[in-house]
Undergrad: 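Let me give you the structure first, and then I'll get to my questions.
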There are 2 protein chains.
Amino acid sequence: MPTSADVARLAGVSRATVSYVLNNAASVRISEPTRLKVRQAAEELGYVPHAAARSLRAGHTRIVLLAGWHVRVGPPYGPFLGELQAALHRMDYTVVQYGSPGLSGDEAARAWAELRPVAVISVGGVVLSAHNVETLKRAGARAVVTVGPTRVPGAHALVLDQAEVGARAAAHLLERGRRRIGVVVPEEGGLEPFSGPRLEGARRAVRAAGAAGVVALPMACTEESAAALAAGWRSGGLDAVFAYNDEYALLLMAALHDAGLRVPADVAVIGADDLLLGRLLRPRLSTVRFGMPTGERLAELVDRAVREPADPAGAAERHGPAAAEAVRREST
Amino acid sequence: MPTSADVARLAGVSRATVSYVLNNAASVRISEPTRLKVRQAAEELGYVPHAAARSLRAGHTRIVLLAGWHVRVGPPYGPFLGELQAALHRMDYTVVQYGSPGLSGDEAARAWAELRPVAVISVGGVVLSAHNVETLKRAGARAVVTVGPTRVPGAHALVLDQAEVGARAAAHLLERGRRRIGVVVPEEGGLEPFSGPRLEGARRAVRAAGAAGVVALPMACTEESAAALAAGWRSGGLDAVFAYNDEYALLLMAALHDAGLRVPADVAVIGADDLLLGRLLRPRLSTVRFGMPTGERLAELVDRAVREPADPAGAAERHGPAAAEAVRREST
DNA sequence: TTGAAAGCGGTACCAG
DNA sequence: CTGGTACCGCTTTCAA
């Protein structure tokens, strides 16, 4: 691969001049003929600058590290992350995906810091400590943003209060007169940061209402698992279920139907995340929708944090939880 | 951020020694006490090596560039890409996501080459020329893999013959005795590399069978758009539809149902990609399934290409298309 | 207007 | 066994 020295040689100028020309350096005037020679030489050699060398010299990168993307990234995160990525790209950042299955906070922070990202966005998954955030900041991160149920000192937090989702679902079921409520908990790994709070939120809401409590129902995202759960339903005596997610809800609903139970007459079913498919199946699925911020908005937040040198500690944590609301359709 | 020089100073050794210790250099023997001093110093300072500096010196990176991830990345690509990413991570590669909306092949190749990736995986989207592949290889890419309908000279190709999908769908509908066939084409941007060949394949299959031809039906992935399409259905006189995708198929099926048409009596509907939800809705949706390679397999292919210095030109293109087959359920 | 040279952080050769 | 040092490719003062 040709280097800037090769271009300089071919153009008959110094490496400095090459750099000035190709970066349109404003602080220095280069004659038009020289510019042309340099441009042609670069073109001819197919010169492409070396990003690592540049950022080594510059002392900082334009890397935004997007961490903790699970294999199972269900809606509404998929579209959200897509938007985020596109927006950051438009702002000229290099988005580096970093899946970190099974890494501890310390290991993850170290691995991420090696890249010297200018910002880190941690989506679910890895739980960072204040010390980890400190490590990242010292490594050049001007912004560390966590998206998820927890809040880390020192980091911007886009709190997604999953407990609120569970609470709304339970409240809705209670309102509809149900009392014996089950909560489907996914058996798939990696969803605990979401499923745990959802279950807990439902539990709290039910307790607050003076009802008996909720029953956790492990289930995998397969037809077989749903059928197994539905088969034992009558003996459980539950009259309502909050199914973590619309996907799980629909699976279970189909299985309950096949097992001869009527929805919502025998069992009320509510999901979450307001997926499109919830409106396709009949009865239409009730769900809990929660206002996910747009990817663009988070991208702007990151961009601002990167540019603002002053990062008042107070401002770091003021990004409130998005509101959740139950949407009643036909299944409850 | 502390550098290896800081660690060396604190430990009272040279930078070279620090490097040897922290990288467990096998070619050199360092005394145990020294190792300990270095380790402690590094720990104490919270030293994290600088990836860019390292790869600048090494002359190569462990970056695998995953390019062309669209915002709307529908199944079965989502899970596939997730697996791929996880597998590469396990093999100790750094996966860099690079969305390139609206970039030409030349621009994209340049931008990618700046990162000096050791491998490039281009998923749909950007169309690379042989020259672009050459640029990337010169920039250090030991493997360039394209995943999608087209095949680029010089690159490994994981051909996903979308035309075959369309052809199978159409053939299935013809077999079921249908003659006037519509093909839903998504209005959403970014899907053309997939939707175009699917339409074309269906068209060819219908022509080959001596039938009249197919009608392209633009539709967005929303209830409204589906309803609009369904509303004008009777005047179109079509007795079957291939709907690009199970998602579009289900939307349309629900809309047709609401418009008073019976599936499959009045209209046969077939989708593609064999999504889970196609088995939840009744009637169960017929679909075209095609064997997507697992992410693990592609990761291994990349890994092998990276390690094998010899890359016989003949081997570069032998990765055949995955087979597609129609799965009949209840909607056709 | 252009060139020479220092140095970003880390690695690996060679000398001691 | 360890230290000195050259160098990876690029940017950016400082001089000419």
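Because only heavy atoms are used, hydrogens play no part in the values below, and waters and symmetry mates are left out as well, while side chains stay in. Just so we're on the same page: letters track the sequence lines, and every chain starts at 1.
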Undergrad: Using a heavy-atom cut-off of 4.0 Å across all strands, would you classify B/Thr34 as base, sugar-phosphate, or nothing?
TA: sugar-phosphate

Undergrad: So, do A/Met91 and A/Glu300 sit near enough that their side-chain heavy atoms are less than 4.5 Å apart?
TA: yes

Undergrad: Do A/Val13 and A/Tyr20 touch side chain to side chain, with heavy atoms closer than 4.5 Å?
TA: no

Undergrad: Under 4.0 Å between a side-chain nitrogen and a carboxylate oxygen: does that hold for A/Asp106 and A/Arg110?
TA: no

Undergrad: What is the distance, rounded to the nearest whole Å, between atom NE2 of A/His60 and atom P of C/dG7?
TA: 20 Å

Undergrad: Any luck finding a side-chain donor-acceptor pair between B/Thr135 and B/Asn132 under 3.5 Å?
TA: no

Undergrad: Output one letter per nucleotide in nucleotides 9-16 of chain C: B when a protein non-hydrogen atom lies under 4.0 Å from the base, S when only the sugar-phosphate is that close, - when neither is.
TA: BBBBB---

Undergrad: Have a look at A/Leu88 and tell me which of A/Leu66, A/Thr94, A/Ile121 forms a side-chain contact (heavy atoms from CB on, under 4.5 Å) with it.
TA: A/Ile121

Undergrad: Using whole Å, report how far CD of A/Glu114 lies from P of C/dC8.
TA: 20 Å

Undergrad: Which residue pairs pass the side chain to side chain donor-acceptor pair (under 3.5 Å) test when at least one of the two sits in residues 35-45 of chain A, sequence neighbours left out?
TA: A/Asn24-A/Arg39

Undergrad: If I take atom CZ in residue A/Arg29 and atom P in nucleotide D/dT12, what distance separates them, rounded to the nearest angstrom?
TA: 16 Å

